[in-house]
Amino acid sequence: AALLAGRKEKKEVTQAEFVEAVERQIAGLEKKSRRLNEKDKKIVAYHESGHAVIAEVTPEAKKVKKVSIVPRGLAALGYTLNLPEEDKYLMQKEELIAEVDTLLGGRAAEEVFIGKISTGAGNDLERATDILKSMVMIYGMTEVAGLMVLEKQSNKFVGGGFAQSKDYSEKLQEEVDSFIKNTLEQRYKHVKNTLKKYSPVIEKMVEELYEKEVIEGERVRELIKEFENPIKENDEDGNNS
Ligand code: ZN
C-alpha cells in the first residue's frame, strides 16, 4: 500500500491503497487488456454475483467489499472480495458453513441463471470440500467422527495435504466421504434456493457489472435492501401506514 501511495505521490496511505494492495495479493494485477468474450463475461458476471449475494444474505458470512469482472493475475476472470468485519482468529462452525455457502454461490448462480455449468468454480469447490473435510477430520465439529481427530495438524503442515497414513477404519473413511458429499449437496440446494429468491438482485447486479465492471459491497447491500423492503410509491407524502 505504501508503494502504491508513493507511486501516486501521495503523502499518506489511504484505504484505497490498502484495498488495492490486498486485491493484488489475493488475485494478482488487473489485466484490463485481457478482454473476456461475451459468453465468458456473462458466466463471470453471474458467478461473482452469486458469491456476493450469498455472502450478504448469510448472517455469519464475511461481508462483500467489492465485486469485479476485470480479469486479474494469471487465472482470475473475476472475483468477489470478502472481508471480515473485524480481525479474528477463531472460526465457529456456523461461520465455516457460511463460507462453504458463499463458495458454492458462484457455481449455483451459473446453474440457476445460465442453465449450464463451467470450469470457473473448480477452485471454489476445492476450498468448500477442504473446509468440510477439516470440520470432520481436524476440528471435531461433526457427528461422523465425533471428537476423534483423523488428520493431525502437525502432519498437515509437514506433508501439505491429507495424503498421510491413516489410523482409522475404512468404514469411517467411507462415512467421512459421504458426509462431505452429502453436506455439499445439501448446502448447494440451499444456496440455489436462496439465489432463486434473490434473482431480481442478481439480474440487477449483472446489469451493473456489465456497465461498470466493478460494484462496491455497499451497492450490493443497497440492492438487497431495496428488494427486501420495496419503497411504496405513495409513501413519500409522510404517510407511514
Ligand atoms: Zn468463484
Side-chain angles (χ1 to χ4, degrees), residues 22 25-27 47-48 50-65 75-76 79-112 117 119-198 217:
V22 169
Q25 200 61 37
I26 293 174
H47 182 105
E48 297 306 330
H51 282 311
V53 166
I54 294 299
E56 283 302 327
V57 302
T58 306
E60 294 86 3
K62 286 183 242 164
K63 296 304 143 210
V64 176
K65 176 82 192 144
Y79 69 99
T80 301
L81 184 63
N82 302 75
L83 297 174
E85 271 147 292
E86 54 195 0
D87 285 340
K88 54 198 269 176
Y89 304 96
L90 293 171
M91 293 278 281
Q92 287 177 320
K93 186 178 166 183
E94 293 72 20
E95 293 168 326
L96 291 173
I97 293 290
E99 181 103 15
V100 169
D101 286 1
T102 304
L103 285 165
L104 295 177
R107 155 64 66 95
E110 291 181 37
E111 193 186 321
V112 170
I117 51 178
T119 55
N123 184 250
D124 298 335
L125 299 182
E126 188 181 326
R127 283 164 62 200
T129 305
D130 277 349
I131 291 171
L132 291 172
K133 212 180 237 180
S134 303
M135 287 173 63
V136 187
M137 300 181 74
I138 300 173
Y139 299 117
M141 284 179 172
T142 70
E143 282 172 12
V144 181
L147 297 178
M148 187 175 166
V149 172
L150 309 181
E151 169 71 30
K152 291 193 189 91
Q153 297 238 43
S154 46
N155 283 353
K156 195 177 160 201
F157 291 113
V158 174
F162 286 93
Q164 302 293 326
S165 65
K166 295 189 298 196
D167 46 10
Y168 51 94
S169 68
E170 274 309 313
K171 182 171 168 284
L172 190 50
Q173 176 64 59
E174 276 168 28
E175 285 171 14
V176 169
D177 289 344
S178 57
F179 167 80
I180 294 171
K181 185 163 175 275
N182 294 340
T183 309
L184 283 170
E185 218 171 272
Q186 176 207 328
R187 297 320 302 169
Y188 189 60
K189 230 183 237 163
H190 166 77
V191 166
K192 280 198 294 187
N193 286 335
T194 308
L195 288 177
K196 282 178 199 159
K197 180 179 159 201
Y198 283 90

Using atom types as modelled and distance alone, determine if a side-chain donor or acceptor of [X] lies under 3.5 Å from a backbone N or O of [Y].
| X | Y | answer |
| --- | --- | --- |
| Lys93 | Met141 | yes |
| Ser169 | Leu172 | yes |
| His51 | Thr80 | no |

### Query
Can you check side chain to side chain contact (heavy atoms under 4.5 Å, CB included) on Glu99 and Met91, steps first, answer last?
CA-CA 10 Å; Glu99 181 103 15; Met91 293 278 281; 4.0 Å; yes
Quiz item: Crowded around Gln92 CD? As in, over 12 foreign heavy atoms under 6.0 Å?
Solution: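 12 or below, so no.
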>> Are more than 12 heavy atoms, taken from residues, nucleotides or ligands other than Glu170, located less than 6.0 Å from that residue's CD atom?
In response: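 Counting neighbours around CD of Glu170, 12 or fewer heavy atoms of other residues, nucleotides or ligands fall under 6.0 Å, so no.
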Supply the atom-to-atom distance [X] [atom1] to [Y] [atom2], rounded to the nearest 0.5 angstrom.
| X | Y | atom1 | atom2 | value |
| --- | --- | --- | --- | --- |
| Asn193 | Tyr188 | CG | OH | 11.5 Å |
| Met137 | Thr142 | CE | OG1 | 10.5 Å |
| Leu150 | Ser134 | CG | OG | 11.5 Å |
| Asn182 | Asp177 | CG | CG | 10.5 Å |
| Arg127 | Leu132 | CZ | CG | 13.0 Å |
| Lys192 | Glu111 | NZ | CD | 4.0 Å |

For a side-chain contact (heavy atoms from CB on, under 4.5 Å) with His190, tell me which candidate from Ile54, Asp101, Ile97, Leu195 qualifies.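 Exactly one option meets the side-chain contact (heavy atoms from CB on, under 4.5 Å) with His190, and it is Asp101.
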Exercise. Report the residue from Asp124, Leu125, Val112 that forms a side-chain contact (heavy atoms from CB on, under 4.5 Å) with Arg107.
Key: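 With Arg107 as partner, side-chain contact (heavy atoms from CB on, under 4.5 Å) holds for just one option, Leu125.
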Where do [X] and [Y] come nearest, in terms of heavy atoms and distance?
| X | Y | answer |
| --- | --- | --- |
| Leu147 | Gly140 | CD2-O, 3.9 Å |
| Ala61 | Ala55 | CB-O, 3.4 Å |
| Ala128 | Leu184 | CB-CD2, 4.0 Å |
| Val191 | Gly105 | CG1-CA, 3.7 Å |
| Ala98 | Thr58 | CB-CG2, 3.6 Å |
| Gly50 | Ala109 | CA-CB, 3.7 Å |

With Lys171, the side-chain hydrogen bond (donor to acceptor under 3.5 Å, both in side chains) member among Glu174, Glu175, Gln173:
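Filter result, single survivor: Glu175.
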Under the salt bridge (charged side-chain N to carboxylate O under 4.0 Å, His left out) rule, what do Lys62 and Glu95 come out as? Steps first, then yes or no, please. CA-CA 8 Å; Lys62 286 183 242 164; Glu95 293 168 326; over 6 Å; no
